[in-house]
Number of protein chains: 2
Amino acid sequence: MSVTIKDIARAAGVSYSTVSKALRNSPLVKEPTRKHIKKIADQLGYQPNAAARSLVSKKSHTIGIVWPTIERAAHSSLITSMNNRLEQLSYTSLISINEMEFAINVFNRYRVDAVLVFDDGSNQGLSPSKVPVVSYGIAESSPFVPTVDVQRRKAIYLAAEYLHSIGHTKISYFGVMDTPDVMQREKAKGFDLAVEKFKLEAFPTLHVPVSSLESYEGYLAAKKLMQQEVKPTAIISSSHDLTKGILRAFQELNVSVPEDMSFISYDTIPEVNELEVPISTVGVPLEIITEKLTEALMDVVVEHDSKENIIYLEPGLSLRNSCKPFT
Amino acid sequence: MSVTIKDIARAAGVSYSTVSKALRNSPLVKEPTRKHIKKIADQLGYQPNAAARSLVSKKSHTIGIVWPTIERAAHSSLITSMNNRLEQLSYTSLISINEMEFAINVFNRYRVDAVLVFDDGSNQGLSPSKVPVVSYGIAESSPFVPTVDVQRRKAIYLAAEYLHSIGHTKISYFGVMDTPDVMQREKAKGFDLAVEKFKLEAFPTLHVPVSSLESYEGYLAAKKLMQQEVKPTAIISSSHDLTKGILRAFQELNVSVPEDMSFISYDTIPEVNELEVPISTVGVPLEIITEKLTEALMDVVVEHDSKENIIYLEPGLSLRNSCKPFT
DNA sequence: CTCCGAAATAACAACGTTGTTACTATAATG
DNA sequence: CATTATAGTAACAACGTTGTTATTTCGGAG
């Protein structure tokens with residue numbers, strides 16, 4: 001049986017409401033009384049009952065996170081960062097790896113203050129949720145939910161634009177092409193837009209499709225690419241993991257970046273600095289993403305309806321000397 | 001504001017206690033009344049308040065899982081399987097990726113019925129937890145906690161024993177050697193025991209240390225190994241991911257299994273069948289592990305003190321034609 | 001038609017906590 | 001010394017649910 005404030009009250013010889021106040025540092029209890037109570041609470045190993053607390057306060061100070069099934073590994077650092085940020089705001093995060101609808105139901109029952117979901121393209125019917133939801137995804141695809149959109153399309157477009165501006169016309173895009181995952185589709189779309197706009201060459205390996213964002217996929221695809229007769233002069237990789245694999249392949253094949261190949265990688269995350277070669281990246285820095293996501297969550301927690309439903313984050317280039325002008 | 005049983009009661013023109021009983025299919029309410037109530041509850045989108053429920057019932061029907069920091073990816077399939085099993089028992093699982101002590105505190109507050117932790121070697125001081133804990137780890141290292149121990153040491157020993165029995169004496173062990181992670185240390189210990197027992201040759205690459213269990217690590221290590229003058233005739237890999245990398249390297253180097261190299265991989269998981277080559281494995285099958293973990297959790301949930309504190313699971317070999325007798 | 005007993009439903013207490021209100025010493029004021 | 005603020009603490013209601021107990025309703029027996 002757990003120890004409750006009543007146990008503490010009995011042990012301290014005060015009423016349980018005094019204990020409650022003392023533990024929450026209310027100015028209504030005298031300093032010595034508070035100290036006394038706190039000491040006893042400590043001795044008994046008191047842990048507040050979240051159920052009772054949230055029942056009366058109607059707030060659980062907890063955020064639910066629905067961990068996406070696809071690319072589970074890829075989101076690991078984002079979730080870790082979210083976890084830390086929320087902790088700093090003294091919010092607790094609880095994760096569910098269940099299918100989204102089920103997970104949201106669970107969080108509903110637990111009356112978490114808000115839920116963070118990852119837009120995998122199936123978010124359409126999210127409206128009947130009682131608990132406020134924030135989506136990390138694509139603005140258009142989850143119309144009824146506040147969404148933080150990092151504009152993947154624009155990011156990739158930006159990368160292509162930059163490469164074109166320094167003279168490249170044969171650019172290969174490494175990415176997942178045929179997928180229900182809207183995030184990946186957006187990236188591919190950004191590339192295609194740039195191809196059209198800048199009249200990039202439509203050589204055979206304009207698109208280098210991979211079946212997932214794992215690094216091994218990038219490795220294999222890069223090896224195959226370099227066996228082709230017509231090679232690109234620049235590459236855009238749609239994820240950090242992919243980039244890792246591609247670079248490994250290049251190392252083996254003695255392709256050096258940027259001398260033999262210009263390179264831009266999506267995902268502006270700290271891990272980029274762990275690569276052997278400095279690689280320019282495009283995208284919204286991870287810490288900015290989680291900062292905005294946290295803000296959005298705090299918004300829906302207090303407002304329950306946030307007016308500004310969609311937050312677009314501007315992707316940018318972080319140049320790190322992996323691109324050489326092509327003449 | 002959420003809809004409660006009182007709202008339903010008002011709408012249905014009955015008392016709220018009747019609603020409670022109707023929703024939980026108590027035989028104390030007449031069939032038509034129940035149907036009526038359920039319909040209304042549905043219309044209003046009622047979701048039971050877990051806080052209130054667990055407050056009165058003292059059970060949350062929830063299991064907390066502390067996702068380990070190290071090798072987070074590697075445990076993904078185990079956690080998924082646990083999640084499914086618990087769901088089938090109509091338990092909900094909540095995951096925390098916080099540091100263990102903090103995570104357990106959170107779960108304590110939420111009064112989850114039990115917590116599952118992964119033994120990373122820091123479980124020593126787990127006793128003061130009010131909520132019952134089950135550990136997936138090493139029996140000796142978490143003395144006060146019911147533990148499911150898959151006997152990694154024995155598993156690797158078994159693998160070496162088998163290879164020795166078919167004539168191999170130059171065997172390389174791929175694994176993380178110098179780590180606080182007791183799980184990895186146990187595996188290495190198993191190998192060393194076998195080396196001693198069977199007087200295996202102490203050639204330079206008896207141990208092939210890797211810095212993590214990622215497949216890339218296996219890949220690199222395998223490449224380096226095959227440049228050595230003295231090569232093993234058999235390999236024991238301490239994880240599935242490692243195995244993936246090693247096999248990829250072998251493919252590139254035209255080393256064929258089992259003709260040029262015998263091979264046994266730790267981790268008996270379904271993913272083994274996705275490898276290009278059939279690979280013999282050693283270890284306790286994943287589904288058995290999760291079955292026992294679930295049983296252990298259910299035990300502590302009802303008993304609060306389980307008498308049989310440690311459950312040893314017997315590792316076994318699953319032979320799949322990746323080993324050739326050495327003559 | 002009255003009364004009994006079962007069946008159905010209603011009322012109520014309890015779970016552990018918080019916020020509000022009510023009480024009780026204590027000190028200050030005249 | 002009586003009166004009144006005031007600080008400190010106690011008592012109590014409420015949160016949404018469940019299990020127990022009390023009440024109503026109704027069909028059938030007398």
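Quick note on labels: first sequence line is chain A, next is B, and so on, each numbered from 1. Just the heavy atoms: all of them, side chains too, but no hydrogens, waters or symmetry mates, feed the values below. Here the structure is a predicted model, which means the values were calculated and not measured.
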Global bending angle along the helix from dC1(C)-dG30(D) to dG30(C)-dC1(D), which compares the axes of five pairs at either end, to 10 degrees: 80°
The criterion is side-chain contact (heavy atoms from CB on, under 4.5 Å); which residues satisfy it with [X], sequence neighbours excluded?
{"X": "Glu31(B)", "answer": "Arg34(B), Lys35(B)"}
{"X": "Glu271(A)", "answer": "Ser77(A), His240(A), Ile269(A), Glu274(A)"}
{"X": "Ser60(B)", "answer": "Tyr110(A), Ser54(B), Thr62(B), Val112(B), Asp113(B)"}
{"X": "Ser93(A)", "answer": "Ile65(A), Asn83(A), Leu86(A)"}

Contact list for DNA chain C against residues 11-24 of chain A - heavy-atom distance below 4.0 Å: Tyr16(A), Ser17(A), Ser20(A), Lys21(A), Arg24(A)
Contact residues, residues 30-46 of chain B to DNA chain C [heavy atom, < 4.0 Å]: Lys30(B), Thr33(B)
Listed partners of Tyr136(A) passing ring-ring contact (aromatic ring centres under 6.0 Å, His included), at least two apart: Phe118(A)
Partners meeting ring-ring contact (aromatic ring centres under 6.0 Å, His included) with His61(A) (sequence neighbours left out): Tyr91(A)
Distance below 4.0 Å between Arg53(A) side-chain N/O and dT18(C) OP1 or OP2: yes
Separation of atom CG in Asn25(B) from atom C1' in dT18(D), rounded to whole Å: 15 Å
Report all side-chain donor-acceptor pairs from residues 38-53 of chain B shorter than 3.5 Å, counting only partners two or more places apart or in another chain.
{"unit_1": "Lys38(B)", "atom_1": "NZ", "unit_2": "Asn25(B)", "atom_2": "OD1", "d": "2.8"}
{"unit_1": "Gln47(B)", "atom_1": "NE2", "unit_2": "Asn105(A)", "atom_2": "OD1", "d": "2.1"}
{"unit_1": "Asn49(B)", "atom_1": "OD1", "unit_2": "Ala51(B)", "atom_2": "N", "d": "2.7"}
{"unit_1": "Asn49(B)", "atom_1": "OD1", "unit_2": "Ala52(B)", "atom_2": "N", "d": "3.1"}

Dump every N/O contact between nucleotides 22-24 of chain D and the protein below 3.5 Å, one line per pair.
none

Counterpart residues, side-chain hydrogen bond (donor to acceptor under 3.5 Å, both in side chains), relative to Ser57(A) (two or more places apart): none
